[in-house]
Number of protein chains: 2
Amino acid sequence: MERMPKKQRHQQLARLIEENPFLTDRELTRLLKVSIQTIRLDRLELAIPELRERLKLMAERSYDPVRSLPLHEIIGDILDLQLDKSGISMFEIRDEHVFSRSGIARGHHVFAQANSLAVAVINDEIALTASADIRFIRPARLGEKCIAKAYVRSSGAQKGKAKVEVFTYVGDEMVFQGNFVIYRSARAADEEGTGEA
Amino acid sequence: MERMPKKQRHQQLARLIEENPFLTDRELTRLLKVSIQTIRLDRLELAIPELRERLKLMAERSYDPVRSLPLHEIIGDILDLQLDKSGISMFEIRDEHVFSRSGIARGHHVFAQANSLAVAVINDEIALTASADIRFIRPARLGEKCIAKAYVRSSGAQKGKAKVEVFTYVGDEMVFQGNFVIYRSARAADEEGTGEA
DNA sequence: TGTCGGATTGGCACCAGGTATCAGTATGAA
DNA sequence: TTCATACTGATACCTGGTGCCAATCCGACA
């Protein structure tokens, strides 16, 4: 009936906007060889908002402090935290964490989870990793949920150095183990845990 | 001279937009009790773009795959790579890598650079971190460029385990040192280095 | 063959949130 | 008084749309 079936054009339109949300209707006109009205009818049917709305949504998503910070802050979701004692976090291995060929997680992601937790469990305004001795027991794979458990072996509230041991499991299999030495600013903070890592 | 000194209003304006980039000029009119023309003159003087440009910039920033997937692939830019011998990479500490309060880089980013390099320098199809013994000598800070140098101490092409030593410097100061043991799939790959880490 | 209906296109009014420019007013200092 | 600076108002114009109506195309079906 048409030069190109409507369904197919809809798919193309959706794909184009998915790939590049910055396209105006006018630019889409060029790419799909239909009138601007058709583009707009298509967007309407597909419930794709106009360019400015799309940009606004993206800006809002990236601006949401809860969403934008955790990516850079703590790696993994804290499930339990007993300051200066122990903590548990969960981290799911996703596509972006693995070697594409083998589906095995890059070591630094597993380390990042453990490191984040080791720092978070220290009840202090400033806590920095001083050194660590780590073992990757077996590879963590795509889709696996890593449960890291941290135990503060010596809080070092006076000496300024805490020792934290972290074990990471997938199910009941240990995948990672690390001994961390964490610098702390000596005076333990009165405040609640900071959420930083 | 004015109800409120211009300088002060400029500060307030900048702060308001910083806090909430979604404000229109009309809304700012209400908040600052000046005409919309004044708001626009102010924005001009302060070089603050219009709402739509601000949203577009935010959307672009959050869309940039390099920024949004910070821990995915190799961390740091490979400057030099001699497979099974040595390698050098550079990694600049940005906002998203530091504790906001102290401006000090989170340990796992510095580790990720070293780990990426240690894996990249191994000339094999599959290379995984088995264990590591690491020291954070001094904190790396916002804006600093970390230069990591990796040396393969024993390639372990037969035994399946390579030893790689990594030193990371800012200028001539060492910030990090680590000894990595890397599993490799025994048969050294004929291909070029993979680019994965 | 005519006609019906969905798909497509064109045109126009209108909108938000601006830019650019010009003119007028207020206010304080020299 | 005069002058500069700050502020305000008004108008034309821009982009990237929405909303709506009419015209056209094109294939299917009686």
Side-chain angles (χ1 to χ4, degrees), chain A residues 1-69, chain B residues 1-69 95-96:
Chain A
M1 198 168 178
E2 305 84 59
R3 309 87 185 108
M4 177 200 295
K6 194 176 168 181
K7 276 213 168 184
Q8 192 180 332
R9 195 187 56 232
H10 278 192
Q11 286 188 350
Q12 284 216 22
L13 179 67
R15 209 203 64 224
L16 282 168
I17 292 182
E18 168 95 15
E19 276 175 14
N20 182 3
F22 299 86
L23 289 170
T24 65
D25 286 359
R26 198 170 307 278
E27 291 170 315
L28 289 164
T29 291
R30 276 199 0 264
L31 297 171
L32 294 178
K33 318 275 188 208
V34 288
S35 74
I36 203 162
Q37 286 82 355
T38 303
I39 297 287
R40 286 168 182 172
L41 279 174
D42 286 356
R43 272 202 301 100
L44 198 68
E45 289 183 54
L46 294 172
I48 297 174
E50 62 168 292
L51 170 63
R52 286 159 177 171
E53 282 306 308
R54 295 198 298 272
L55 298 189
K56 192 177 172 191
L57 282 172
M58 291 172 68
E60 276 168 353
R61 243 199 347 265
S62 84
Y63 188 67
D64 182 345
V66 182
R67 272 188 67 97
S68 62
L69 290 181
Chain B
M1 199 170 177
E2 305 86 58
R3 310 90 183 104
M4 176 200 296
K6 193 176 168 181
K7 275 212 169 188
Q8 192 179 333
R9 194 188 55 234
H10 278 191
Q11 287 187 348
Q12 286 217 20
L13 179 67
R15 209 204 63 227
L16 283 168
I17 292 182
E18 168 96 15
E19 279 173 13
N20 182 2
F22 299 85
L23 289 170
T24 65
D25 288 357
R26 197 171 308 279
E27 289 169 316
L28 288 164
T29 291
R30 278 201 358 267
L31 296 171
L32 293 178
K33 318 275 188 211
V34 288
S35 74
I36 201 162
Q37 287 81 358
T38 302
I39 298 287
R40 287 170 180 172
L41 279 174
D42 286 356
R43 271 201 302 101
L44 199 67
E45 290 183 53
L46 295 172
I48 297 173
E50 62 168 293
L51 169 64
R52 288 162 175 172
E53 282 306 307
R54 295 199 297 272
L55 298 189
K56 191 177 170 190
L57 282 172
M58 293 172 69
E60 277 169 354
R61 242 200 347 266
S62 82
Y63 189 67
D64 183 345
V66 179
R67 282 185 65 100
S68 60
L69 306 179
D95 272 341
E96 62 264 34

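Naming: A, B, ... by sequence-line order, numbering from 1 per chain. Excluded from the calculations below are hydrogen atoms, water molecules and symmetry mates; all remaining heavy atoms, backbone and side chain alike, are included. What you see is a predicted model, and the numbers here were worked out from it, not measured in a lab.
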S.K.: Provide, to the nearest angstrom, the distance between the CD atom belonging to A:E45 and the P atom belonging to C:dG6.
M.R.: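 To the nearest whole Å, that distance equals 12 Å.
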S.K.: Within this structure, what is the CG-to-P distance between B:L23 and C:dA16, rounded to whole angstrom?
M.R.: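 Distance check: B:L23 CG to C:dA16 P gives 18 Å.
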S.K.: Taking atom P of C:dT9 as reference, at what distance in whole Å does atom NZ of A:K33 sit?
M.R.: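 For the pair A:K33 NZ and C:dT9 P, the rounded distance is 13 Å.
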S.K.: Is the phosphate of D:dT18, meaning OP1 or OP2, less than 4.0 Å from a side-chain N or O of A:R43?
M.R.: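 Yes, because at least one side-chain N or O of A:R43 sits under 4.0 Å from OP1 or OP2 of D:dT18.
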S.K.: Rounded to whole angstroms, how far apart are CD1 on B:I36 and P on D:dT11?
M.R.: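 For the pair B:I36 CD1 and D:dT11 P, the rounded distance is 15 Å.
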S.K.: Out of C:dT9, C:dG18, D:dT15, which has the shortest distance to the side chain of A:R52?
M.R.: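 So the side chain of A:R52 is nearest to D:dT15.
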S.K.: Could you check A:Q37 against A:T24 and say which one's nearest nucleotide on DNA chain D is further toward the 5' end?
M.R.: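 It is A:T24, whose closest nucleotide lies nearer the 5' terminus.
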S.K.: Rounded to whole Å, how long is the line connecting atom CG of A:L28 with atom C1' of D:dG16?
M.R.: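 Result: 12 Å.
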S.K.: Looking at every heavy atom in both A:I36 and A:T29, which two are closest together, and how far apart are they?
M.R.: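 Of all heavy-atom pairs spanning A:I36 and A:T29, the closest is CA-OG1, 3.6 Å.
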S.K.: List the atom of A:P49, the atom of A:A47, and the distance in Å for their closest heavy-atom pair.
M.R.: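 Looks like CD-O, 3.6 Å.
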S.K.: For D:dT8, does OP1 or OP2 lie under 4.0 Å from any side-chain N or O of B:T38?
M.R.: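 The answer is yes; a side-chain N or O of B:T38 sits under 4.0 Å from OP1 or OP2.
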S.K.: If you compare all heavy atoms of B:R43 against all heavy atoms of B:L13, which two are closest, and at what distance to 0.1 Å?
M.R.: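 Nearest pair, atom of B:R43 first, then B:L13: N-CD2, 4.1 Å.
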S.K.: Which one, D:dA6, D:dG16, C:dT8, comes nearest to the side chain of A:L51?
M.R.: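 Minimum distance to the A:L51 side chain belongs to D:dG16.
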S.K.: If you compare all heavy atoms of A:L23 against all heavy atoms of A:L51, which two are closest, and at what distance to 0.1 Å?
M.R.: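 Distance-wise, the nearest heavy atoms are O-CD1, 4.0 Å.
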S.K.: Taking the minimum atom-to-atom distance to the side chain of A:R40, which one of C:dT9, D:dT18, D:dT8 wins?
M.R.: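 Nearest to the side chain of A:R40 among the choices is D:dT18.
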S.K.: Using whole Å, report how far CD of A:E50 lies from C1' of D:dG19.
M.R.: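 Going from A:E50 (CD) to D:dG19 (C1'), I get 13 Å.
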S.K.: Between A:D42 and B:R26, which is nearer to the 5' end of DNA chain C once each is assigned its nearest nucleotide?
M.R.: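 The residue whose closest nucleotide sits nearer the 5' end is A:D42.
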S.K.: If you look at every strand shown and take non-hydrogen atoms under 4.0 Å, does B:L41 touch a base, only sugar-phosphate, or nothing?
M.R.: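 Result for B:L41 = base.
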S.K.: How far apart are the closest heavy atoms of B:R54 and B:P21, and which atoms are they?
M.R.: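 Residues B:R54 and B:P21, closest heavy atoms: NE-O, 3.1 Å.
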S.K.: Calculate the interatomic distance between B:L44 atom CG and C:dC22 atom P; express it in whole Å.
M.R.: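 After rounding, the gap between these two atoms is 15 Å.
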S.K.: In this structure, how many angstroms lie between the C1' atom of D:dG9 and the CD1 atom of B:I39, rounded?
M.R.: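 Atom-to-atom, B:I39 to D:dG9, this comes out as 15 Å.
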